[in-house]
Structure formats: C-alpha cells, structure tokens
Amino acid sequence: MALSSATRFTDSLGNPLSLADPTSVGAVNAFVEGFISCEARAVDVLAAENDPSPIVQAYCATLHLFAESRDAVANARPFILRAQAAAGATLREQRYIAAIAAWADGDIARAIALHHEQVREHPRDLASLKLGQYHCFNTGDCPGMLRLALAALPAAGEVPYLHGMAAFGYEQCHLMREAEASARQAISMERKEPWAHHALGHVMLTEGRLSEGLAFMCSVSDTWVGLNSFMVTHNWWHVALFLIDLGRDEEALEIYDRQVWGVVKAYSQDQIGAVSLLARFELAGIDVGNRWLDLAEHLALRLDDHVLPFLDLQYLYGLARAGRPEADRLMRNIEAFAPKAPPSTRDAWQRVCVPAAHGLHAHARGDFDSAIEGLGMALPRLIEIGGSHAQRDLFEQVYLDALIRRGTEATLTGAQGILQRQVNGQPESKRLRRQTEAVYARLGLPGFDR
C-alpha cells in the first residue's frame, strides 16, 4: 500500500513516521518509549501487527528477535519481509529495517554500521541507538556503545534515558567519573531510570563501594515496576552481588528466590541471570540446595539455540552444575556450530567460546586441570563474546576457583596474585577476604589482615 503525505506522522521523539493506520501512532510510541526506558509496554506494538506500515512491522520483528531463542529469526522473518516489501517508508525507516534484516541474517557488523549511520543522520532515533548499543555490547565493542550515545546527545540531551545509555557506555569503557556523572544526570531528570540505576550500580561495584552501592540500589528499587523482565531481574541481580560480597548470604538467597528467578522463566536473560547468581553463591561457599534443578529444566530447552556465545556458555554451566546429561550434548553442539557461525561472530565462537566451554564443563565435573587450561585460553579474549565486566567476572571466578582447588604451589601462587589485586580494589568484600585468607594460609604466608 502506497502511503500518501496525509498519512505521515511523528513519534514522540519527533521522528517522521509513515503509517497506513493513524491509530498505530500509539503503538509505535509504546515501543519507542518502552524500549528506551526498559519498560514492558514496548510489547504493545504487537497489538498493531496487522498494520502493514513498514516501521510497525520492523518494530514487531525487533521484539521477536529479542527473544534470543532458536525460533526468534523464524518468528521475526515474516515481519521483516513485509517491512521490506511495503512502499512509502522514509529513509530513516528504511535504514532501521535494513539493520533489523542484517541482525536476522547474523550480519551483526552490518547492523552496527547501519545504527551508527542512523545516529549521524537521525540522532533522535533513540530506539535505533539503543539497539546499536545492544549489538556493540554483545560483541565487546565498548567504545562503539559510547560513540553512539555521544553522537545523539547534542540533539536529544533533554531525554533522560539517553544519559543512562551514555552512562553505561562510559562505564564499560572504564571511564568511571563520566559514567557516574551521566547516570546521576539521568536520575536527576527522571528518578525512574533503571538503566542509569544499573550503570551507577556497576560503577560502585567496580570501585569497591559495596555498602554505598547496596544502599543506592535499594533506595531506587521502588521504581522498578512496569519494567521488562530482564531489567527488573538484572537490577535485583546487582543487589544480590552486593549482598554476597558483604557476607549477607541469606538475604542474597532471598533476592534470588523472590526477584531474580521466576519472573519470566522462559526468557534467556532471566535464565542466565539465575545461572550466574547460583554459580556465584556456590563459589562464595553458599549452599544453594536444589535450586539448580528447576533452572535446568528450562536450560535443557536451549541446546540448539546458539544465538550468542555468552548465552550458550551459561546454559552449559547451569546444566553441568545440575548434573544434567544435556550438558554433554550442548558441549558437542557448541563445537559443531562454532565453525559454521556467521562470519562476523565466528572468531568469537571458535577462539573464545569453545575453549571457555571446555573449561566450564570441566570445572563442573571437578577436572580442574582442564578447567584451568580452557578458561586460561579464553579469558584474555573474553570481551569478544560480550557481557558486562560484572557478568564476565563469573568466568574469572570459576578460573580462580579451579586454581585454588587444584591446590599446587603454582596454582595457589597464581590465585594469590589474582586475589590480592581484587581485594585491594574491594576492601569491603568479606567474600574476597575469606578466599584470600585461605590461600595465604595454604601458601604459608603471614596472616592476612589488610
């Protein structure tokens, strides 16, 4: 259907829209506003899925791809094809559609390039910007995340969520002062800005401001309502990290049970958050009871996904910790998929994910020599599989645990060097102090009292 000039509107950020059905403006705004604010109302655009307008179809495809499942591309493809076939799309809309198509095709490098082009041409297309940051995040391109946000600030600086996006870009680039300033700017403009809360939580964790970080996150947690499941569970995940380090184990377990696991059990991000937290509990010496068993029931459905290496690694470790035989099958599937992965991510699959998978699988089986070998190969390049510093710390903790449990002079010496650097940066951490004291005792060093 050709669209006349009479059917052109703008979204709530002022971006021109080509719509066949004028009533779809509300659905488009629900997606745009919900997406950049991490609110669940982004899915409301699906109510307009019968509108043939290209941007409506593209936004519906976006939501399907965010399922991060093996069925996501197949579910998104009809919407992409309709978006591509529709007449009358603006140049901005055409570029967004092309970026979504590249994502579905596995050409993440092209998708990122299109999102960078979009922010230069249309800096108020913040949905495109946030999606570009998502892809940069998943490929370890932290400077790319920051460049996207900074390019839009002159044109959209009144939007609080853009400052939150900038804050996380700064934090992932280790620019902590700038990250904190941007996060606080966002929160001063909109107290309910969960991505800025998240970014500031990262800063405080990284800088060892554990009590302050816990207090801050709890002080804004009343605003974590109406969010998508990832945002609410992930912010509570950060609360649990502070609690673990501060030695408040029972409270951390309660957060897992009430706020982290069980919001949307079928969703990939909720699943890996649960895996990561249970693993951290155990590495800190906290008994998790039978919690792995329920989680593994959902992970067992992920054996053929291979959407992101970062996800597969955590599915694998969760299945292995639960003692599920599917862990062996997923290990084989990862090895088989890696050489066939899309070119823009193949290197990360082959050279980072495969050795890391071997290391994690070995650790769960108690083969600490193989765990040290596999994770030791992967850790220097781990950023290439994405995830934040705090999320990737799980793999470093598993590696450290393997060094300690292997227990030779050489591995304990390696563990001492790692632990001392960490405890220097986080003197409040009771978890790190316990681990360090134990290693010092085994090495015959003087008592640890720093």
Side-chain angles (χ1 to χ4, degrees), residues 174 205-210 240-249 252 275-288 292 310 313-314 316-318 320-321 351-385 387-450:
H174 306 282
L205 180 66
T206 300
E207 295 189 334
R209 297 153 60 186
L210 303 181
L241 295 194
F242 286 121
L243 289 168
I244 292 171
D245 269 310
L246 291 169
R248 295 163 62 172
D249 301 351
V275 168
S276 178
L277 199 48
L278 286 185
R280 282 172 164 82
F281 286 145
E282 292 192 325
L283 293 166
I286 303 169
D287 184 2
V288 302
W292 282 115
F310 185 72
L313 287 175
Q314 291 174 91
L316 172 68
Y317 192 66
R321 290 298 305 127
R351 298 183 180 276
V352 186
C353 183
V354 169
H358 279 290
L360 292 170
H361 197 213
H363 182 273
R365 299 195 316 268
D367 179 357
F368 302 120
D369 283 328
S370 297
I372 292 166
E373 180 181 3
L375 287 167
M377 291 175 59
L379 286 177
R381 298 181 60 174
L382 202 61
I383 192 173
E384 296 175 37
I385 65 166
S388 68
H389 310 310
Q391 288 176 310
R392 292 194 303 273
D393 179 62
L394 170 65
F395 306 113
E396 296 167 3
Q397 286 195 37
V398 173
Y399 176 71
L400 175 63
D401 185 73
L403 290 176
I404 295 171
R405 295 176 71 177
R406 179 64 181 87
T408 68
E409 183 78 14
T411 62
L412 289 172
T413 297
Q416 184 276 332
I418 294 169
L419 280 167
Q420 190 59 60
R421 287 193 300 271
Q422 291 182 348
V423 82
N424 287 347
Q426 293 197 340
E428 275 192 279
S429 175
K430 294 182 179 180
R431 170 184 65 87
L432 288 172
R433 289 184 67 86
R434 285 197 307 268
Q435 292 175 334
T436 306
E437 288 166 356
V439 168
Y440 270 59
R442 292 175 68 180
L443 285 170
L445 293 174
F448 177 81
D449 58 2
R450 294 162 183 79

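Just the heavy atoms: all of them, side chains too, but no hydrogens, waters or symmetry mates, feed the values below. Owing to the predicted nature of the structure, the values given are computational and were not obtained by experimental measurement.
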For Arg442, side-chain contact (heavy atoms from CB on, under 4.5 Å) partners two or more places apart: Ile404, Leu412

- request: Please list, chain by chain and in numerical order, all residues satisfying side-chain contact (heavy atoms from CB on, under 4.5 Å) with Arg381, sequence neighbours excluded.
  value: Asp347, Arg351, Val352, Glu384

message: Considering only residues two or more places apart or on different chains, which pairs with a residue in residues 411-427 satisfy salt bridge (Lys or Arg N to Asp or Glu O under 4.0 Å)?
response: none

task: Scan for side-chain hydrogen bond (donor to acceptor under 3.5 Å, both in side chains) pairs involving residues 370-380, sequence neighbours excluded, and state none if there are none.
output: Asp367-Ser370

What pair of heavy atoms forms the shortest contact from [X] to [Y], and how long is it?
X      : Y      : answer
Asp393 : Gln422 : OD1-NE2, 4.5 Å
Leu205 : Gln426 : O-NE2, 2.6 Å
Ala378 : Ala356 : CB-CB, 3.6 Å
Gly387 : Gln391 : CA-OE1, 3.4 Å
Glu409 : Leu443 : OE2-CD2, 4.0 Å
Ala252 : Ala240 : CB-O, 4.1 Å

- prompt: Passes side chain to side chain contact (heavy atoms under 4.5 Å, CB included), Gln314 versus Phe395? Steps please.
  reply: CA-CA 10 Å; Gln314 291 174 91; Phe395 306 113; 4.1 Å; yes

message: Can you confirm whether Val439 sits close enough to Thr436 that some side-chain heavy atom of one is under 4.5 Å from a side-chain heavy atom of the other?
response: no

query: Is the shortest heavy-atom distance from the side chain of Val423 to the side chain of Ser429 under 4.5 Å?
result: no

- request: Check the side chains of Gln397 and Asp401 for a donor-acceptor pair under 3.5 angstrom, ignoring hydrogens and angles.
  value: no

Quick one: pull up [atom1] in [X] and [atom2] in [Y] and give me the separation to the nearest 0.5 Å.
X      : Y      : atom1 : atom2 : answer
Leu394 : Phe310 : CG    : CZ    : 8.0 Å
Leu379 : Arg392 : CG    : CZ    : 10.5 Å
Thr411 : Arg405 : OG1   : CZ    : 12.5 Å
Ile372 : Leu403 : CD1   : CG    : 4.5 Å
Glu396 : Ile418 : CD    : CD1   : 8.5 Å
Leu419 : Leu400 : CG    : CG    : 4.5 Å

Pair up each side-chain donor or acceptor in residues 277-286 with any protein partner under 3.5 Å, not counting sequence neighbours, and list the distances.
residue: Arg280; atom: NH1; partner: Ser276; partner atom: OG; Å: 2.2
residue: Arg280; atom: NH2; partner: Ala390; partner atom: O; Å: 2.5
residue: Glu282; atom: OE1; partner: Trp292; partner atom: NE1; Å: 3.3
residue: Glu282; atom: OE1; partner: Arg321; partner atom: NE; Å: 2.8
residue: Glu282; atom: OE1; partner: Arg321; partner atom: NH2; Å: 2.8
residue: Glu282; atom: OE2; partner: Trp292; partner atom: NE1; Å: 3.1
residue: Glu282; atom: OE2; partner: Arg321; partner atom: NH2; Å: 3.2

- line: Only residue of Arg433, Glu428, Gln435 satisfying side-chain contact (heavy atoms from CB on, under 4.5 Å) with Arg431 is Gln435

- prompt: Using the ring of each side chain (for Trp, its six-membered ring), is His363 parallel, tilted or perpendicular to Tyr317, with breaks at 30° and 60°?
  reply: tilted

field: For Thr413, side chain to side chain donor-acceptor pair (under 3.5 Å) partners two or more places apart
entry: none

